[in-house]
Amino acid sequence: MKARQEKLSARFRPNWLNPTVLKVLKNRHQLQVNADEIDEDEVGFFLYDLDALEQHLSELMQQDVIKLWFAVKANPLSRVITTLAEQGFNFDVASQGELSQVLAQNVAAKRILNTGPAKSKRQMKAFLQQGVNTFVVESLLQLQWLNESAIELDCKPQVLLRVQLQWPDGEKNPLGGTEVTPFGLSCDEWQTINVSDFPALNINGLHIFQWGNMLSNEKMFHLWSQMVEPLTQLAEQVGIKLEVLDLGGGLGVDYLQKGQTLSWQQIVDDLAKIKARAGVKELWLELGRYAVAESGYYVTSVVDKKQNFQQQQLVLAGGINHLLRPAITEQAFPAVMLRESTESLVNFDVHGPLCTSLDKLGRLAFPQDIAVDDQLVFGLSGAYGFTESMPFFLCHQIAAEYVLKNGEVELVRAAEPAAWYLR
Ligand SMILES: Cc1ncc(COP(=O)(O)O)c(C=O)c1O
């Protein structure tokens, strides 16, 4: 009897769904701020639980081994950024848009670093003029341009060189497969420079990040351990006093609900070892999904249900126009039907509203009585959701964004019709 109850409650409220969020979603009237204007069937919305986010971030900050940056690309919503800023995170921005958004939340420019392969001289100079003083440089041209800009503006930015390593044959490089990517340069390329040729730059660190959504502490530690020797060698060869090692992001979350989670304490312990082995003063991580994914939810409704050949299908009001990630990774976000049902679970192919077979959020199990207008809640959607998606195709509505703070729901962005951007 007890086992059955547990199974039922797991179905109604899986681990990833916070009970407060569930309660809020069940009382949806709280969210219908613009009820008159919004055609409910069309709406998909995000809800970020800032209370849970705050709690999670404060746990990540309780250590003195790692300096933490937030990769803004994971979620640039103003209220998410202010929550991270209040908890003491710094910010990794990859465009002028991200920089402006972080500065607009009153974050000091000295808490911001700039990564990304597409940095023009004009952009780097503009960043310096806006007070950014830390750059991850990804090419020889970037290095030269930053040096020139620093001379012109009479400043001395801190620079980390982004390194790309090759894995032995047959081993997969998780961020770029076996491909060479534009993220940084090989040791051979960096070895052609001499840091004394860039007197306007304080080149005191290396950056490396070539893995994604890692879910095993052992694998992470193995990867990080492999980096130390080639990186310290490179620093010696080009004359860098290696003070900072930035290991990027890549800490994973359990999208497929296989019970694989990273232990943060183990990461801290492992990185303390890496820090000592590399002999650096500072070890940095730029977290994206590990910081924010679990506090976000995406909600949309069923608009059609059918059997096609042997397959049960659901068509939803929102799909990859709001939540693209499943189409590019073939990993579904976990999901649950909001209405409770004791019917047995059936696998459905879950499609969005776009005219492309790419618009599929996965094959997911729902009670067999799921029906048109039922609401679905997708978890772990706080990272790479709203801004990673393709909202314009087919002119559907832009998703609304809500936050939950001190138990209260607040609208940050109302859903917008296509007329908002069409010209
Ligand atoms: C330079 C850099 N740092 C950090 C991240 C964050 O990665 P993750 O979300 O896997 O933590 C990214 C993501 O693409 C990145 O490009």
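Both ligands and their constituent atoms are indexed starting at 1 by order of listing.
For ligand 1, the atoms lying closer than 4.0 Å to a non-hydrogen atom of Gly288 are 6 (C), 8 (P), 9 (O), 11 (O). The ligand atoms of ligand 1 that sit less than 4.0 angstrom from a heavy atom of Phe209 are 2 (C), 3 (N), 4 (C), 5 (C), 7 (O), 12 (C), 13 (C), 15 (C). Set against the non-hydrogen atoms of Gly249, the atoms of ligand 1 under 4.0 Å away are 4 (C), 7 (O), 11 (O). Below 4.0 Å from some heavy atom of Gly250 lie the following atoms of ligand 1, by number and element: 7 (O), 8 (P), 10 (O), 11 (O). Every atom of ligand 1 is numbered from 1 in the order shown, and the set under 4.0 Å from a heavy atom of Ala71 is 4 (C), 5 (C), 6 (C). If you number the atoms of ligand 1 from 1 as listed, the ones under 4.0 Å from a heavy atom of Asp92 come out as 2 (C), 3 (N).
Residue contacts with ligand 1 for Asn213 are absent, since no atom lies close enough (heavy atoms, distance under 4.0 Å). Here Arg162 has side-chain heavy atoms under 4.0 Å from ligand 1, and that is the only part of it that gets that close. With a 4.0 Å cut-off on non-hydrogen atoms, Tyr384 touches ligand 1 through its side chain and not its backbone.
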Discussion item. Could you go through Phe392 and Tyr421, starting from their C-alpha distance and side-chain angles, then the distance that decides it, and tell me whether this counts as ring-ring contact (aromatic ring centres under 6.0 Å, His included)?
Written reply: CA-CA 8 Å; Phe392 304 127; Tyr421 60 85; 4.5 Å; yes
Practice prompt. Please report the C-alpha distance between Thr261 and Val253 in whole Å, then the side-chain angles of each, then the deciding distance to 0.1 Å, and finally whether the side chain to side chain contact (heavy atoms under 4.5 Å, CB included) criterion is met.
Written response: CA-CA 7 Å; Thr261 47; Val253 294; over 6 Å; no
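Polar contact check, Lys73 against ligand 1: a nitrogen or oxygen pair lies under 3.5 Å apart. For the pair Arg289 and ligand 1, the shortest N or O to N or O distance falls below 3.5 Å. For ligand 1, none of its N or O atoms has an N or O atom of Leu251 under 3.5 Å away.
Between Tyr297 and Phe46, the distance from one ring center to the other does not fall under 6.0 angstrom. Phe333 has its ring centre less than 6.0 Å from the ring centre of Tyr255. A distance of 6.0 Å or more separates the ring centres of Phe386 and His322.
The minimum heavy-atom distance between Asn213 and Gln331, with the atom names listed, is ND2-OE1, 4.1 Å.
Open room surrounds CD on Glu229; 12 or fewer heavy atoms of other groups in view lie less than 6.0 Å from it.
A cation-pi arrangement is absent between Lys119 and Phe135, since the terminal nitrogen or guanidinium carbon is not both under 6.0 Å from the aromatic centre and inside a 45° cone about the axis.
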